[in-house]
Amino acid sequence: QANHDGSDQWQRMEREMLQLKAELPLHYVRREDYIRGQSTIEAKLDVLASKLESAQLRAANGGKHAN
């Protein structure tokens, strides 16, 4: 009986580990992937800020190109 209980516990533990392995990618992001995504977002924000600044300068100069 004790040997059977031990076997059941190992099977349960194995099922839990397999479930964790299946769910882990849904809840975890690798550091490198996060940094890459964050860098992309920041680059896009920088471009947007530059365009906004250029538009503000053109508006301040009466619609003329700021050169």
Which of Lys51, Arg58, Gln56 passes side-chain contact (heavy atoms from CB on, under 4.5 Å) with Ser54? It is Arg58
Distance-only criterion, 3.5 Å: show the donor-acceptor pairs between side-chain atoms of residues 40-50 and protein atoms not counting sequence neighbours.
| from | atom 1 | to | atom 2 | distance (Å) |
| --- | --- | --- | --- | --- |
| Thr40 | OG1 | Arg36 | O | 3.0 |
| Ser50 | OG | Asp46 | O | 3.1 |

Stepwise side chain to side chain contact (heavy atoms under 4.5 Å, CB included) test for Tyr34 and Glu32: CA-CA 5 Å; Tyr34 176 82; Glu32 294 83 7; over 6 Å; no
List, one per line, each side-chain donor-acceptor pair under 3.5 Å for residues 9-20, sequence neighbours excluded.
| from | atom 1 | to | atom 2 | distance (Å) |
| --- | --- | --- | --- | --- |
| Arg12 | NH1 | Glu16 | OE2 | 2.9 |
| Gln19 | NE2 | Glu23 | OE2 | 3.1 |

Q) Any sub-3.5 Å donor-acceptor pair from Asp33's side-chain atoms to Val29's backbone N or O? A) no
